[in-house]
Amino acid sequence: MNTAMKNEKAKPRKTTDRGELRTDDLEVIYDSDAGKTVALSSTSLTINPGEFVCVLGPSGCGKSTLLNVIAGFVRPTGGEALLDGQAIEQPGADRSMVFQQHSLLPWKTVRANIGLGPKLLGDIEANSTVNHFIEMVGLKKYEHHYPDQLSGGMQQRVGIARALATFPRVLLMDEPFAALDYQTRLMMQENLLNLWEELGTTVVFVTHDVDEAIFLSDRILVMSASPGRIVKDIANPLPRPRDQMISSEPKFMAIKRDCMEIIRAESLRTF
Ligand code: ADP
């Protein structure tokens with residue numbers, strides 16, 4: 001590592017562009033050898049700039065498909081998805097994705113993984129950007145480690161830092177903490193909220209965990225299968241900043257009850 005890079009201070013930076021997402025009557029039908037699957041049907045939604053929205057639903061209800069359409073990985077068979085009024089037709093640097101299993105390059109260090117995006121995008125302050133995000137996810141001591149030398153939680157922290165280091169307008173998260181143990185997951189949720197509160201990026205977070213959705217979100221979109229669609233849009237008025245103790249409060253329980261009622265009714269309908 002050169003001296004200039006070593007001495008470069010981590011400069012706090014803010015994301016200023018917060019994307020607005022909209023989908024109009026979105027439909028995705030997969031056509032495979034096994035036949036046709038309607039993964040999404042009549043899905044219309046708006047996600048406001050800087051909002052943290054959780055998409056909650058059982059396995060197979062179309063959550064990842066919705067995220068993949070927004071990411072530009074899947075083209076809808078009907079309707080459209082728009083970012084800041086522009087139709088989404090392909091992946092772009094204005095959207096970053098974090099997956100359940102980290103997708104880090106195993107032959108690159110933590111530092112190099114996080115620096116990949118900023119360097120590709122020609123960020124002239126790439127080294128300082130990397131320093132900033134390494135510190136934000138608490139991995140300064142591990143910056144020269146390789147992914148397989150880190151715990152699952154640390155690997156996901158690198159994945160999140162890497163996704164944020166390009167200052168996306170939208171952060172898409174597909175069950176990013178589902179493979180982690182309970183305690184690590186709780187810490188990761190708090191860490192994510194701290195990052196989001198500093199950066200203000202619009203977040204769409206897919207989960208099947210009701211408590212996780214309530215803890216994180218401003219709003220919860222509950223999805224149901226057969227066909228995949230949004231059945232309820234629940235505002236989450238819990239105050240911020242939050243820590244995990246909030247889950248024992250009556251207001252948290254009341255939102256959980258609302259979610260559970262909808263999930264139960266939909267499960268009975270599709271069982
Ligand atoms: P979730 O994320 O809620 O588990 P998905 O969006 O992954 O749901 O899947 C929704 C439905 O679409 C499921 O029935 C799934 O089997 C089907 N599906 C997902 N991807 C494909 C694909 N590439 N080809 C065919 N069917 C798919």
Side-chain angles (χ1 to χ4, degrees), residues 21-47 52-83 88-91 95-103 152 156 159-160 163 170-180 185 188-189 192 202-217 219-234 236 256 258-271:
L21 288 168
R22 220 177 75 212
T23 71
D24 287 331
D25 233 357
L26 209 59
E27 175 202 77
V28 175
I29 301 176
Y30 292 111
D31 198 353
S32 66
D33 294 344
K36 291 192 176 190
T37 306
V38 183
L40 276 183
S41 167
S42 312
T43 300
S44 297
L45 58 86
T46 300
I47 296 177
F52 196 128
V53 170
C54 283
V55 180
L56 178 68
S59 219
C61 71
K63 303 184 297 297
S64 300
T65 299
L66 176 61
L67 224 50
N68 284 326
V69 170
I70 296 169
F73 299 142
V74 168
R75 292 296 299 272
T77 46
E80 61 176 353
L82 302 110
L83 171 58
I88 294 170
E89 288 170 352
Q90 56 190 16
R95 286 147 288 146
S96 284
M97 180 89 120
V98 179
F99 300 93
Q100 181 174 337
Q101 297 299 336
H102 77 81
S103 51
Q156 276 307 55
I160 293 169
V170 178
L171 179 65
L172 303 168
M173 308 189 83
D174 196 352
E175 308 214 36
F177 307 146
L180 303 177
R185 200 180 326 151
M188 294 290 291
Q189 290 166 359
L192 174 62
T202 306
V203 180
V204 189
F205 187 108
V206 157
T207 181
H208 58 258
D209 180 331
V210 179
D211 291 82
E212 183 167 70
I214 300 170
F215 179 66
L216 293 173
S217 70
R219 200 147 60 90
I220 302 169
L221 303 176
V222 184
M223 289 191 68
S224 174
S226 308
R229 68 206 161 92
I230 293 165
V231 289
K232 194 83 181 176
D233 185 340
I234 299 175
N236 180 352
K256 186 165 180 176
D258 282 353
C259 291
M260 298 300 291
E261 270 176 15
I262 298 155
I263 291 168
R264 184 167 178 278
E266 284 300 316
S267 305
L268 289 172
R269 188 185 65 77
T270 56
F271 191 66

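Side chains included, hydrogens not; waters and symmetry mates left out as well; all remaining heavy atoms used. This chain uses plain numbering: 1 for the first residue, then up along the sequence. One-based numbering, in listed order, for ligands and for the atoms of each.
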N/O donor-acceptor pair under 3.5 Å between Thr207 side chain and Ala213 backbone: no

I need the contact residues for ligand 1: any residue with a non-hydrogen atom closer than 4.0 Å to the ligand, ordered by chain then number. Tyr30, Thr37, Ala39, Pro58, Ser59, Gly60, Cys61, Gly62, Lys63, Ser64, Thr65

Please round to the nearest 0.5 Å and tell me the distance separating atom CD1 of Ile220 and atom CG of Leu56. 6.5 Å

Check this for me, if you would: do Glu261 and Arg264 make a salt bridge, where the nitrogen-to-carboxylate-oxygen distance has to be below 4.0 angstrom? no

Mind checking whether Phe73 and Phe99 have parallel, tilted or perpendicular rings, split at 30° and 60°? parallel

salt_bridge(Asp209, Arg185) N-O dist < 4.0 Å: yes

Got a sec, which residues hit salt bridge (charged side-chain N to carboxylate O under 4.0 Å, His left out) with Glu80, two or more places apart in sequence or on another chain? none

